[in-house]
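In each ligand, atom 1 is the first atom listed, and ligand 1 is the first ligand listed.
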Amino acid sequence: MNNKAIPIFLITLAYFLLPFVNILFALTAIACMALPFIILRITRKKTWCRGLCPRADFFTKLRPANIGFRQPKWFNLKKIAIIMLYYFGINIFFITMSTIMVGLGRINPIDRIRLLIMFQLPWELPQLFTIAAIPAPLLHLSYRFYSLMLTSTLLGSILAVLFKPKTWCAVCPINSISEGMLSSMKRKEIITNE
Ligand code: SF4
């Protein structure tokens, strides 16, 4: 697929801008996370990563700002990919559990952006269109997904500027999970063909 013809990086920009209208738009992150795996199951290839990913397209647009440092030896992409996979898993666990707790009325929703799970930004996200009766769990879930997506996009952007534009792809949890799914699908194929 030709990314130059379709400016899919705009989807990434839209994702971060639309929650300024209303934070509920941040819930589209769920579709962004599910789509790569749904497409992989259908095509049995990492089709998403090979031209459909808006975030990867966004990182390539940072090329003019690229410094082009060499990756230092201690910067082991395989180890960082594992760390990012754990970070992603822990984050999804926290998001799920805290949303359940909000739903049960045990804790208040966190309607603030937090980077790396715990570093809260000191400003509120402006809301051009407020919905008075957003259920608390949905409000909480929206801010948590926005925080997750913002953190990973910022990390990926820093890597894109420092090293190569798509350095993030080597440590991206979606990539690691996709690799795991592909290996498992291939193993099952081998077993059924035996
Ligand atoms: S590895 Fe991650 S960022 Fe890179 S193309 Fe795939 S899903 Fe997108």
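- Under the 4.5 Å side-chain heavy-atom criterion for Ile, Leu, Val, Met, Phe, Trp and Tyr, M181 and I191 are members of distinct hydrophobic clusters.
- Side-chain contact between L40 and P36: absent, with no pair of heavy atoms (C-beta onward) separated by less than 4.5 Å.
- Centroid-to-centroid, the aromatic rings of F16 and Y146 come within less than 6.0 Å.
- With a cut-off of 2.8 Å, atom 6 (Fe) of ligand 1 has no N, O or S atom of C172 in range.
- Residue T12 holds its OG1 atom at 8.0 Å from CD1 of I8, rounded to the nearest 0.5 Å.
- In terms of protein heavy atoms, atom 4 (Fe) of ligand 1 is closest to C169 SG, 2.3 Å.
- Distance check: W168 CH2 to S157 OG gives 10.0 Å after rounding to the nearest 0.5 Å.
- Regarding atom 8 (Fe) of ligand 1, its nearest protein heavy-atom neighbour is C53 SG, 2.3 Å.
- The protein non-hydrogen atom at the shortest distance from atom 3 (S) of ligand 1 is W168 CD1, 3.6 Å.
- In the vicinity of I174, heavy-atom distances shorter than 4.0 Å reach the ligand 1 atoms 7 (S).
- Close contacts of ligand 1 with W48, meaning ligand atoms under 4.0 Å from a residue heavy atom, involve 7 (S).
- Rounded to the nearest 0.5 Å, atoms CZ (R44) and CE (M185) are 4.0 Å apart.
- Side-chain contact of R144 with S147: a donor-acceptor pair under 3.5 Å is present, judged by distance alone.
- Of all the atoms in ligand 1, the ones that sit under 4.0 Å from a non-hydrogen atom of A56 are 5 (S).
- Set against the non-hydrogen atoms of N175, the atoms of ligand 1 under 4.0 Å away are 1 (S).
- Of all the atoms in ligand 1, the ones that sit under 4.0 Å from a non-hydrogen atom of C49 are 1 (S), 5 (S), 6 (Fe), 7 (S).
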